[in-house]
Each structure stands twice: as structure tokens, then as C-alpha cells.
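Working notes, beginning with the structure itself.
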Amino acid sequence: MAASRLTLADELLEIRAEIERLQRREASLQRLADDLPRIPVFRRGWPILRKQPAASTVSA
């Protein structure tokens, strides 16, 4: 029982460390995103493509 408790405790510590690492990474990426200039997705003069209706199939 003691061995399994230690294993579970170790695994929990690893998971918490991974969560902390991912949170630091997320904060780092968010700082990068905040520092980059905004680029509009659609610009004036660009055509907006609309989906064409699907051609109906005709069975012979």
C-alpha cells in the first residue's frame, strides 16, 4: 500500500509541475501575442468568397 501511495503522490507532483509549466508557457505566449501588432483578417477591397450552393445530383 505504501508503495502505491508514493507512486500516486509522485504522479500527482509531476502532474502539478506540468500544469505549472503549461501555465508559464501560456503566459509567455500571451505576452508575445500582446506585443505583436494586430493584423486585420479582412481588408478593404478584398473579395469575400461566398460558398456556392451544392450542385444537385440527377440520377439517370
_Fellow cluster residues of L22, listed by chain then number, with links counted only when side-chain atoms sit under 4.5 Å apart_ = none

Expected list for residues 14-21: side-chain donor-acceptor pairs under 3.5 angstrom, two or more places apart:
residue: E18; atom: OE1; partner: R21; partner atom: NE; Å: 3.3
residue: E18; atom: OE2; partner: R21; partner atom: NH2; Å: 2.8
residue: E20; atom: OE2; partner: R24; partner atom: NH1; Å: 3.2

*Set of side chain to side chain contact (heavy atoms under 4.5 Å, CB included) partners for L32, sequence neighbours left out*: L29

*Can you sort out the partners of D34 under side chain to side chain donor-acceptor pair (under 3.5 Å), two or more places apart, ordered by chain and number?*
Q30

*salt bridge (charged side-chain N to carboxylate O under 4.0 Å, His left out) partners of E26, counting only residues at least two apart*: none

